[in-house]
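Here's the structure we're looking at; comments come further down.
By convention here, the first residue in the shown sequence is residue 1.
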Amino acid sequence: PKAKTYFKQEIKLDQPLSEVIDIGRRSNYLERLGLYTVRDLLFYYPRDHLDYARQVQITHLEGGETVTVIGTVRSCKCFSSPKNKKLTIFQLVMSDATGRLKLNRFLMGARFAHRGSQERYKRQYPVGSIVAASGLVKQNKYGITLDKPEIEVLDGAGASIESIKIGRLLPVYPLTEGVPADTVRKSVIAALPAAAQLPDPLPKELREVYGLVKLKNAIACIHYPENQEELAHARRRLVFDEFFYLQLGFLQRRQLLKQNQTSATFAPEGKIIQQFDKILPFTLTGAQQRVVGEIFQDLGDSDTPMNRLVQGDVGSGKTIVAVYAILAAIQSGYQAALMAPTEVLAEQHYRKLVEWFNLLHLPVELLTGSTKTAKRREIHSQLQNGELPLLVGTHALIQDPVKFHKLGLAVIDEQHRFGVQQRARLLNKGKSPHVLTMTATPIPRTLALTLHGDLDVSQIDELPPGRQAIDTMMKQGRDRKKVYDLIRREVAQGRQAYIIFPLVEESEKLDLKAATEEHERLSEVIFPEFQIALLHGRMSSADKDASLNSFRDNKCQIIVSTTVIEVGVDVPNATVMVIEHAERFGLSQLHQLRGRVGRGNSKSYCFLMSSTKTIEAKQRLAVLEESQDGFLISEADMRFRGPGAVLGTRQSGLPDFALASLVEDQEVLNLARQAAEKIIAADRLLENHRGDFRDRDREFCPKVKKQKSRRQVRLAPLRGNQRRSWLLFPYCGDRETALPKF
């Protein structure tokens, strides 16, 4: 596709929009979208395109399509509404050889209410003239029509359509209140000639290998393509750029990390690990053994600190894999830290580790925000003098008073729940320590490499033997009695149940049952014969421990909780999981909650209670009914909610993509990854490609702008609504999240 020149005015990429003749005062509207220069406007991509390029005859119109119809004006009226004098109704009837079509426009405002204005509006479309009308086909009680039609008078039958809206692919831009869509469209057209000045950072050879159009052509055609093929070529190039520069930055950072020498050389074979193998009451699965081997290989490399992500489904045994890494660090004379996002999960890890470490005669301590001052001081002292080999905790681990004598390994569980700076502060507690991160939100390996491109990725894709499938069913309010009867039957057989609510206290704005109120009702009305515990995030640490210990020890048969038990709680005796208002949760979160049952030998059940009537919510819950595969569920969740909500990209330091989709564009993602790997393999630090990529630092960084009303300097926004291209990302942002410069 070729960029087209719409105006003869010579404009520059860094020219302020207010100085562009064909934009002028419209720049005030564009500033509300964070657009200040011609370059900003060119990279402000449409969020969609309306296909008005397809012309159809009136008799072939079908509801839901966007089309263009050409015909003759049979009548035209413009009058004030009898019910609202400020509302003007415009009616036009057109016909072609196959039928008639009635179009309506509704014009609000006093300027349309005057009779003279209405007559002038009507004279624009004289009877007998040829017009083209574009819009969304809708079926109403009066028949077929076009919703909010765009109408243009043609010179005659067969004449070309000159409009920027009608008979073409019409861009739809993200807007904010008070900014007209036509203002953005006309401004983009005025700026398009400057696209020819854009340098293309991708080498010609790379573009030819992967079939990519030039950047200037892609920018022009992403805004105003001639057809769907041009749009597809433009989008493919820009999506490739988003993935490619992200991966190139990740891989270069990975090379830079490998230059950091680490003094922590671990011996995978040793007395402690041999003793642990003997006391372990089960055999590792093949997947666990493979991942442990990959970790040991990393730990044995004295030149490069390990930076590995272990992902696996609920119950796949990630914790035991981390224990082997921790023991390798301890037997090599180093300390280890295990950081979890919640006190409940940290406590769960601590309980497991204490059981094993006591048999190995190794001390381990727990540090959370609830740890008493005296105990906290004791832990700090033991850490500094090297007496304590392993510390488990929450965010308390990254506080300044926590100082390790010789930190060699940092294990971060549910890593996507921590911010970039929080993870970095833990690593700064040691000298280039090995890092092992874990997540129970499994995603396909390709996506994992994209999100965590600077990490080595290991997958535990095998569940321990004996794990049974959990019967998962979507239920409505009328089925509640049957659900309660099943709970009674299970408890009568000595088993236990979870009942999960999305809120702690009842919300006035949302019609949701709350954990505290329902705990009282369940205890007094529904299950008065059973002991029912309550657990939520606002409780004190002591109360949380009391509730969890009571449930673990089977002193209470039912626990009413919020999502604080989403990860980490391991009660093999629990066989029933009831999730109220299931439509309020993401699929990955529901899968995590479901994973709290099915940990023993008994048949387990998960009930998704929902009264929703929306089709999308039912489709989401149906995925959970039909699948136990966390990888498949996570991918479905990304399709419904978007990758940002599922993968925690905001916490990971990654902004949203402007065009690319982690789910839909996996083919382009793979190509971009391959291209980046080839370049890094041939030139680890991009020394030979500086001519290709160096200018991007200058070309794509936001400019410093001065406020006219105040004497202060600020950074221009990356893009309105945080939708700017990844082209701008690698060199922007704070010191923690910015990728290395090429």
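- Side-chain atoms of R552 do not come within 3.5 Å of backbone N or O of S547 as any donor-acceptor pair.
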Derivation of the side-chain contact (heavy atoms from CB on, under 4.5 Å) call for Q335 and L391: CA-CA 8 Å; Q335 294 171 299; L391 180 61; over 6 Å; no

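- In the model, Q531 has no side-chain atom that pairs as donor or acceptor with a side-chain atom of Q557 under 3.5 Å.
- Looking at Q288, its side chain does come within 3.5 Å of a backbone N or O of G317 through a donor-acceptor pair.
- D485 has no carboxylate O lying under 4.0 Å from a charged side-chain N of R489, or vice versa, which leaves the two without a salt bridge.
- Residue K482 qualifies as open at atom NZ: its count of foreign heavy atoms under 6.0 Å is 12 or below.
- Although no hydrogens or angles enter the test, the distance criterion places no donor-acceptor pair under 3.5 Å between the side chain of R480 and the main chain of Q476.
- Counted within 6.0 Å of CD on Q275, heavy atoms from surrounding residues, nucleotides or ligands total more than 12; the atom is thus considered enclosed.
- Looking at Q496, its side chain does come within 3.5 Å of a backbone N or O of C556 through a donor-acceptor pair.
- With sequence neighbours left out, K618 forms a salt bridge (Lys or Arg N to Asp or Glu O under 4.0 Å) with no residue at all.
- Using a distance-only test at 3.5 Å, with no hydrogens or angles considered, no donor-acceptor pair links the side chain of H536 to the main chain of T562.
- Between the side chain of H591 and the backbone N or O of L624, no donor-acceptor pair lies under 3.5 Å.
- No side-chain donor-acceptor contact under 3.5 Å links T394 to the backbone of E343.
- For the pair S381 (side chain) and R377 (backbone), a donor-acceptor distance under 3.5 Å is absent.
- Contact of the R495 side chain with the V576 side chain is not registered, since no non-hydrogen atoms from C-beta on lie closer than 4.5 Å.
- Closest approach of L409 and V435 over heavy atoms only: CD1-N, 4.5 Å.
- Inspection of the T614 and T612 side chains reveals an N or O donor paired with an N or O acceptor under 3.5 Å.
- The backbone N or O of Q399 lies less than 3.5 Å from a partner atom in the side chain of K429, making a donor-acceptor pair.
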Applying side-chain contact (heavy atoms from CB on, under 4.5 Å), run through V578 and Y484 and close with a yes or a no. CA-CA 10 Å; V578 180; Y484 289 160; 5.8 Å; no

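- Under the 3.5 Å distance criterion, the side-chain polar atoms of S523 are left unmatched by any main-chain donor or acceptor of E520.
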